[in-house]
There are 2 protein chains.
Amino acid sequence: MKFSAKFEYALVALLYLKCEPDEMPVSGRTLSEKLNLPYRFLEQILSDLKKGGIIRSVRGKQGGYKLSVEPEHISIYDVYQVTEGKFEPWDCTHGESADGCGQSHNLCVINQFYTDFKTTFIDLLKSYTLDRLCNSAKNLKNLSAKVV
Amino acid sequence: MKFSAKFEYALVALLYLKCEPDEMPVSGRTLSEKLNLPYRFLEQILSDLKKGGIIRSVRGKQGGYKLSVEPEHISIYDVYQVTEGKFEPWDCTHGESADGCGQSHNLCVINQFYTDFKTTFIDLLKSYTLDRLCNSAKNLKNLSAKVV
DNA sequence: GATAATTCCGATAGAAACGATATGAATAAT
DNA sequence: ATTATTCATATCGTTTCTATCGGAATTATC
Ligand code: FES
Ligand code: FES
């Protein structure tokens, strides 16, 4: 029960894109160097983010990536889904035989628990947006500025 | 981001124990057969549950396992912790170099997000108890009885 | 048109986690 | 003594995750 590195790298990359001026796209190479992430791996992630419609790309020299949506419309669940797929917290393997827990599948408490949990989990991730994360960042900076 | 089979098996086993009369302990073999779970694997899980203080065991012939606490005091997070360890949703690998996200570690938004998320996640799992799950089970049965 | 920087694509390698099995010792009821 | 059980530990096989590799397609710049 961990978030994958893919997910984390994607978040970090997106935050960087958000902080950059909107005109020039940022290349994968730059992202990789600035954020200290493995280049080829990051490429795959950027590809996923593109397929998911979160960023768009400019090919060829001087190309790179930019956000394709306003950051307030990018939820963390979007990022999750793109990097890790739909959230399915269980496989219910033993349930296929219909009496895994001594109950028929749709009467299974465990099944019900997972379903409940899934909903809450997704809603929670949806409640965070890229924008919200960035604002937290600003607050943190101001805070530390005052302290220092 | 999935619950492990260990966790699921543990839940199923605990629910079975809860449903059994309190006098006779239930053997691992019985649990394995009734619940259709791999015997040796289940043994390991029962061992974990014991170490975690959730069940207690009776050794030797006629031995087995019983709950060691009232089911209303066994939270799903207890079970989670015993089977999967403490919930730590991230490793923050790239943060060790102090400028992973271009920010110092304690100013890192991602870090903050994970911390927030972790708290909510744990509280959510704590809000479910074994007892609550069992009651859901009863409700489901009554419901289906009425329908049928 | 050549060159260099880039996205894009598919394959694969390496490592870690997970699920499960195997062997057998210790314990206790019968 | 026998049998059923918990307990301890090692190991195996599979899958999933992380990362690397080689190269094709695209485009700005010279
Ligand atoms: S049917 Fe899957 S947990 Fe019961
Ligand atoms: S330091 Fe770990 S995500 Fe920023």
Side-chain angles (χ1 to χ4, degrees), chain A residues 1-10 12-13 17 23-52 54-66 68 80 82-86 88-94 100, chain B residues 1-10 12-13 17 23-52 54-66 68 80 83-85 87-94:
Chain A
M1 209 73 180
K2 269 188 194 299
F3 287 104
S4 66
K6 260 177 118 164
F7 172 76
E8 182 167 333
Y9 294 172
V12 174
L17 288 183
E23 300 311 323
M24 283 279 289
V26 184
S27 79
R29 180 66 69 185
T30 305
L31 283 169
S32 150
E33 282 166 2
K34 294 275 185 189
L35 302 173
N36 197 28
L37 301 177
Y39 172 56
R40 294 290 194 175
F41 194 29
L42 183 59
E43 263 188 336
Q44 292 176 35
I45 296 167
L46 292 167
S47 161
D48 290 340
L49 287 171
K50 187 189 170 179
K51 278 177 199 156
I54 295 179
I55 60 177
R56 58 203 168 84
S57 63
V58 181
R59 299 190 65 168
K61 198 170 177 177
Q62 304 283 30
Y65 301 91
K66 350 174 26 174
S68 71
Y80 179 89
V82 158
T83 51
E84 308 202 21
K86 268 195 185 309
E88 290 290 350
W90 79 108
D91 292 324
C92 206
T93 40
H94 71 281
Chain B
M1 210 72 180
K2 268 188 194 300
F3 288 104
S4 65
K6 262 176 117 163
F7 172 75
E8 183 167 332
Y9 295 174
V12 175
L17 288 183
E23 299 313 320
M24 285 278 289
V26 184
S27 77
R29 180 65 68 184
T30 305
L31 282 168
S32 150
E33 282 167 1
K34 294 277 186 188
L35 302 172
N36 198 26
L37 301 177
Y39 172 55
R40 296 292 192 179
F41 193 29
L42 182 59
E43 265 189 335
Q44 292 176 35
I45 296 167
L46 292 168
S47 161
D48 289 341
L49 288 172
K50 188 192 170 176
K51 278 177 200 155
I54 295 178
I55 59 178
R56 59 203 168 84
S57 63
V58 181
R59 299 190 66 168
K61 198 169 175 179
Q62 303 283 29
Y65 301 91
K66 355 177 16 177
S68 70
Y80 179 89
T83 52
E84 306 202 22
F87 177 62
E88 290 290 348
W90 78 111
D91 291 325
C92 206
T93 41
H94 71 280

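The sequence lines fix the lettering, A, B, ..., with proteins before strands; numbering per chain opens at 1. The figures that follow rest on heavy atoms only: side chains count, while hydrogens, waters and symmetry mates do not.
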**Q** Indicate, with a heavy-atom threshold strictly under 4.0 Å, whether A:Y65 touches base, sugar-phosphate, or nothing.
**A**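 Touches sugar-phosphate only.
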**Q** Whole-Å distance between D:dT9 C1' and B:K51 NZ?
**A**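 After rounding, the reported distance stands at 10 Å.
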**Q** Is there a donor N/O on one and an acceptor N/O on the other, under 3.5 Å, for the side chain of B:R40 and the base of C:dT21?
**A**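 Under the 3.5 Å cut-off, the side chain and the base do not form any donor-acceptor pair.
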**Q** Taking atom OG of B:S27 and atom NZ of B:K34, what is their separation to the nearest 0.5 Å?
**A**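 Interatomic distance, B:S27 OG to B:K34 NZ, rounded to 0.5 Å: 10.5 Å.
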**Q** Would you say A:Y9 places a side-chain N or O within less than 4.0 Å of OP1 or OP2 belonging to D:dA19?
**A**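 Yes, because at least one side-chain N or O of A:Y9 sits under 4.0 Å from OP1 or OP2 of D:dA19.
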**Q** Can you tell me if A:K6 touches the phosphate of D:dC17, counting only side-chain N or O atoms and a distance under 4.0 Å to OP1 or OP2?
**A**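 Indeed not, no polar side-chain atom of A:K6 lies that close.
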**Q** When the distance from CD1 of A:I55 to C1' of C:dC8 is rounded to whole Å, what number comes out?
**A**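 Distance, rounded to whole Å: 12 Å.
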**Q** Between D:dA19 atom C1' and A:L46 atom CG, what is the distance in whole Å?
**A**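 It is 15 Å, rounded to the nearest whole Å.
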**Q** If you find the nucleotide of DNA chain C closest to B:S4 and the one closest to A:V26, which residue's nucleotide is nearer the 5' end?
**A**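 Result: A:V26.
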**Q** Distance from B:L46 atom CG to B:I55 atom CD1, nearest 0.5 Å?
**A**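 These two atoms lie 4.5 Å from each other.
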**Q** Could you check how far NZ of B:K50 sits from P of D:dT6, rounded to whole Å?
**A**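 In whole Å, D:dT6 P lies 10 Å from B:K50 NZ.
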**Q** From CE of A:M1 over to C1' of C:dA17, roughly how many Å is that when rounded to an integer?
**A**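 Rounded to whole Å, this separation is 15 Å.
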**Q** From CZ of B:R56 over to P of D:dT5, roughly how many Å is that when rounded to an integer?
**A**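 Taking CZ of B:R56 and P of D:dT5, I get 18 Å after rounding.
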**Q** At 4.0 Å (heavy atoms only), tell me whether A:S47 reaches a base, stays on the sugar-phosphate, or touches nothing.
**A**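 If one applies the 4.0 Å heavy-atom cut-off, A:S47 turns out to touch nothing in the nucleic acid.
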**Q** Determine whether a donor-acceptor pair (one donor, one acceptor, N or O, separation below 3.5 Å) exists between the side chain of A:R59 and the base of D:dT26.
**A**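 Flag unset: no donor-acceptor pair detected.
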**Q** So if I take every side-chain heavy atom of B:F41 and compare against C:dT21, D:dA19, D:dA28, which nucleotide ends up nearest?
**A**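 Nearest listed nucleotide: C:dT21.
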**Q** About how many Å separate CG of A:L42 and CD of A:E33, when rounded to the nearest 0.5 Å?
**A**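 Here the interatomic distance stands at 11.0 Å.
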**Q** What integer distance in Å separates B:D48:CG from C:dG19:P?
**A**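 Between P of C:dG19 and CG of B:D48: 12 Å.
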**Q** What are the two closest heavy atoms between A:Q62 and A:P25, and how far apart are they?
**A**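 Here A:Q62 and A:P25 meet closest at O-CG, 3.7 Å.
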**Q** From C-beta outward on A:S57, which listed nucleotide comes closest to its side chain: D:dC7, C:dC8, D:dT5?
**A**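 For the A:S57 side chain, the nearest candidate turns out to be C:dC8.
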**Q** Is A:R29 side chain donor-acceptor paired with the C:dA5 base, going by distance under 3.5 Å alone?
**A**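 No, the side chain and the base share no sub-3.5 Å donor-acceptor pair.
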**Q** I want to verify a distance call: between D:dT20, C:dT7, D:dT29, whose nearest atom is closest to the A:E43 side chain?
**A**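 So the nucleotide nearest the side chain must be C:dT7.
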**Q** Calculate the interatomic distance between A:F3 atom CZ and D:dT18 atom P; express it in whole Å.
**A**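 Rounded to whole Å, this separation is 13 Å.
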**Q** Is any side-chain N or O of B:Q44 under 3.5 Å from a base N or O of C:dT21, one able to act as donor and the other as acceptor?
**A**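 Answer yes: a donor N or O sits under 3.5 Å from an acceptor.
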**Q** Please check if the side chain of B:E84 supplies one atom and the backbone of B:S4 the other of a donor-acceptor pair under 3.5 Å.
**A**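 Side chain of B:E84 to backbone of B:S4: a pair is present.
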**Q** Ignoring the backbone of B:S27, work out which of D:dA19, D:dT6, C:dA5 is nearest its side chain.
**A**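 Taking heavy atoms from C-beta onward, the closest nucleotide is D:dT6.
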**Q** Of the listed nucleotides (C:dA29, C:dA4, D:dT20), which one gets closest to any side-chain atom of A:K61?
**A**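 Comparing C:dA29, C:dA4, D:dT20 against the side chain of A:K61, the answer is C:dA4.
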**Q** Nearest heavy-atom pair of B:M1 and A:F3: which atoms, and what distance?
**A**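 The answer is SD-N, 3.7 Å.
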